[in-house]
S.K.: 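Can you keep this structure in mind? I'll have questions shortly.
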Amino acid sequence: MTAEQRRSRISARLHEAHQPISATALAKELGVSRQIIVGDVALLRAAGQAITATARGYVIPDAGETGLPRQVACRHDGTGTRDELNAMVDCGCTVVDVIVDHPVYGQLSAPLHLRSRLDVEQFMARMEGAAPLSQLTDGIHLHSLSCPDEASYEHLKARLRELGFLAE
């Protein structure tokens with residue numbers, strides 16, 4: 001298989017996937033090293049493909065996110081992360097990313113693409129020993145969401161308010 005064929009297969013695989021795919025998994029599928037996949041993805045991005053690297057792997061951002069785009073501002077310490085994210089997915093929303101406004105660097109964001117409690121648990125396992133971005137801003141952060149409808153978004157805000165996480 002040529003490098004061009006491999007990149008074409010990576011692109012096709014990401015477009016058909018319903019969840020992020022790790023570079024290691026792609027490497028195993030295609031019989032190359034993880035570093036080759038990372039380089040291929042960089043070249044695909046340079047060619048204009050919208051591929052996002054998340055903590056769980058590569059994803060095409062719009063895949064499966066056809067809901068209403070919304071943002072919610074939250075504030076809590078690191079111990080509230082799991083409860084916050086579970087509340088979001090339990091209300092049917094996809095957690096697209098997390099955003100903080102850093103006083104020196106400006107807006108910093110990290111893609112998440114969490115759709116279920118399983119996604120949240122996998123994310124939390126990867127976070128083990130790492131500090132959340134919100135630690136840089138005294139716990140204040142935004143989440144971009146994809147919600148199934150306005151009622152789900154309103155229910156989520158009420159739930160976050162109950163938990164004491166909604167920044168209003």
Side-chain angles (χ1 to χ4, degrees), residues 13-28 34 37-38 41 45 50-168:
R13 199 58 186 89
L14 292 174
H15 277 91
E16 68 191 22
H18 298 290
Q19 59 188 0
I21 305 172
S22 71
T24 302
L26 287 168
K28 189 174 185 176
R34 182 186 175 287
I37 297 299
V38 170
V41 169
R45 284 179 175 155
I51 300 171
T52 301
T54 73
R56 297 177 306 123
Y58 294 116
V59 66
I60 303 292
D62 294 331
E65 290 170 21
T66 57
L68 298 172
R70 296 289 182 262
Q71 278 196 330
V72 64
C74 297
R75 184 176 192 169
H76 58 79
D77 62 20
T79 62
T81 302
R82 177 179 275 109
D83 290 338
E84 173 202 60
L85 295 174
N86 279 332
M88 292 174 181
V89 299
D90 287 350
C91 288
C93 300
T94 296
V95 186
V96 177
D97 62 19
V98 60
I99 303 165
V100 298
D101 284 319
H102 191 273
V104 175
Y105 298 113
Q107 188 174 0
L108 301 174
S109 67
L112 299 177
H113 300 281
L114 307 174
R115 293 183 176 93
S116 67
R117 280 184 171 252
L118 176 61
D119 290 349
V120 171
E121 286 310 309
Q122 290 173 342
F123 173 74
M124 294 306 298
R126 289 180 188 260
M127 283 288 298
E128 193 72 31
L133 271 181
S134 60
Q135 182 181 17
L136 299 172
T137 56
D138 197 28
I140 299 171
H141 57 287
L142 296 173
H143 283 290
S144 299
L145 306 168
S146 177
C147 300
D149 51 44
E150 196 64 36
S152 298
Y153 177 63
E154 292 301 322
H155 180 71
L156 170 61
K157 289 194 310 185
R159 180 69 181 123
L160 292 173
R161 198 173 286 117
E162 284 175 23
L163 292 168
F165 297 157
L166 190 64
E168 297 183 280

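Small disclaimer: the values here were computed from a predicted structure and weren't measured.
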S.K.: Which is it for Asp90 and Arg117 under the side chain to side chain contact (heavy atoms under 4.5 Å, CB included) test, yes or no, and what are the steps along the way?
M.R.: CA-CA 8 Å; Asp90 287 350; Arg117 280 184 171 252; 2.7 Å; yes

S.K.: Write down the atom of Asp119, the atom of His113, and the distance for their closest heavy-atom approach.
M.R.: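 Here Asp119 and His113 meet closest at OD2-O, 4.1 Å.
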
S.K.: Looking at every non-hydrogen atom in both residues, tell me the closest pair between Gly92 and Pro148 and how far apart they are.
M.R.: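 For Gly92 versus Pro148, the nearest heavy atoms are O-CD, 3.1 Å.
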
S.K.: To the nearest 0.5 Å, what is the distance between CZ (Arg13) and CD1 (Ile60)?
M.R.: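 So the CZ of Arg13 and the CD1 of Ile60 are separated by 12.0 Å.
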
S.K.: To the closest 0.5 Å, what do you measure between OG1 (Thr24) and CD1 (Ile37)?
M.R.: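 The CD1 atom of Ile37 is 9.5 Å from OG1 of Thr24, to the nearest 0.5 Å.
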
S.K.: Work out which heavy atom in Arg115 is nearest to a heavy atom in Val89; give both atom names and the distance.
M.R.: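 So the two residues come closest at C-CG1, 3.6 Å.
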
S.K.: Are any of the side-chain heavy atoms of Val100 and Gln107 separated by less than 4.5 Å?
M.R.: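 Val100 vs Gln107: side chains apart.
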
S.K.: Any heavy-atom pair between the side chains of Val72 and Leu160 that's under 4.5 Å?
M.R.: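 The answer is yes; the side chains approach within 4.5 Å.
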
S.K.: Quick one: does His141's side chain have a donor or acceptor within less than 3.5 Å of a partner on Val98's backbone?
M.R.: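 Judged by distance alone, no pair lies under 3.5 Å.
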
S.K.: Go through the steps to decide whether Leu85 and His143 satisfy the test side chain to side chain contact (heavy atoms under 4.5 Å, CB included), and finish with yes or no.
M.R.: CA-CA 10 Å; Leu85 295 174; His143 283 290; 4.0 Å; yes

S.K.: From Lys157 NZ over to Glu154 CD, what is the distance, rounded to the nearest 0.5 angstrom?
M.R.: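 Those atoms lie 4.0 Å apart.
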
S.K.: Does any non-hydrogen side-chain atom of Tyr58 lie less than 4.5 Å from one of Arg45?
M.R.: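 Arg45 reaches Tyr58 side chain to side chain.
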
S.K.: For Gln71, does its backbone N or O pair with a side-chain atom of Tyr153 as donor and acceptor, under 3.5 Å?
M.R.: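 Side chain of Tyr153 to backbone of Gln71: a pair is present.
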
S.K.: Would you check if there is a donor-acceptor pair between the side chains of Ser144 and Asp97 at a distance under 3.5 Å?
M.R.: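 Judged by distance alone, the side chains do pair up.
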
S.K.: I need the minimum non-hydrogen distance between Cys91 and Leu156, along with the two atoms involved.
M.R.: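 Nearest heavy atoms, Cys91 then Leu156: SG-CA, 3.6 Å.
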
S.K.: Evaluate whether atom CZ of Arg34 has more than 12 neighbouring non-hydrogen atoms of other residues, nucleotides or ligands under 6.0 angstrom away.
M.R.: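 No, CZ of Arg34 has 12 or fewer neighbouring heavy atoms, counting only those of other groups under 6.0 Å.
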
S.K.: Look up atom CG in Leu112 and atom OG1 in Thr52, then write down how far apart they are to the nearest 0.5 Å.
M.R.: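 Going from the CG atom of Leu112 to the OG1 atom of Thr52 covers 11.0 Å.
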
S.K.: Looking only at atom types and distance, does a side-chain atom of Arg70 sit under 3.5 Å from a main-chain N or O of Ser146, one as donor and one as acceptor?
M.R.: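 Not confirmed, Arg70 side chain does not pair with Ser146 backbone.
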
S.K.: Quick one: closest heavy-atom pair of Phe123 and Thr81, and the distance?
M.R.: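 Residues Phe123 and Thr81, closest heavy atoms: CE2-CG2, 4.5 Å.
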
S.K.: Please determine whether side-chain hydrogen bond (donor to acceptor under 3.5 Å, both in side chains) holds for the pair Glu150 and His155, giving the CA-CA distance in whole Å, both sets of side-chain angles, and the decisive distance to 0.1 Å.
M.R.: CA-CA 9 Å; Glu150 196 64 36; His155 180 71; over 6 Å; no

S.K.: Would you name the heavy atoms of Leu14 and Ile21 that are closest together and state the gap between them?
M.R.: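 Result for this residue pair: CD2-CD1, 4.1 Å.
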
S.K.: Leu145 versus Val95: any side-chain heavy-atom pair under 4.5 Å?
M.R.: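 Of all side-chain heavy-atom pairs linking Val95 with Leu145, at least one is under 4.5 Å.
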
S.K.: With Phe165, which residues qualify under ring pair (Phe, Tyr, Trp, His ring centres under 6.0 Å), at least two apart?
M.R.: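 Result, ring pair (Phe, Tyr, Trp, His ring centres under 6.0 Å) vs Phe165: His76.
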
S.K.: Within this structure, what is the CD-CE distance for the pair Glu84 and Met88, rounded to the nearest 0.5 Å?
M.R.: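 One finds 4.0 Å between CD of Glu84 and CE of Met88.
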
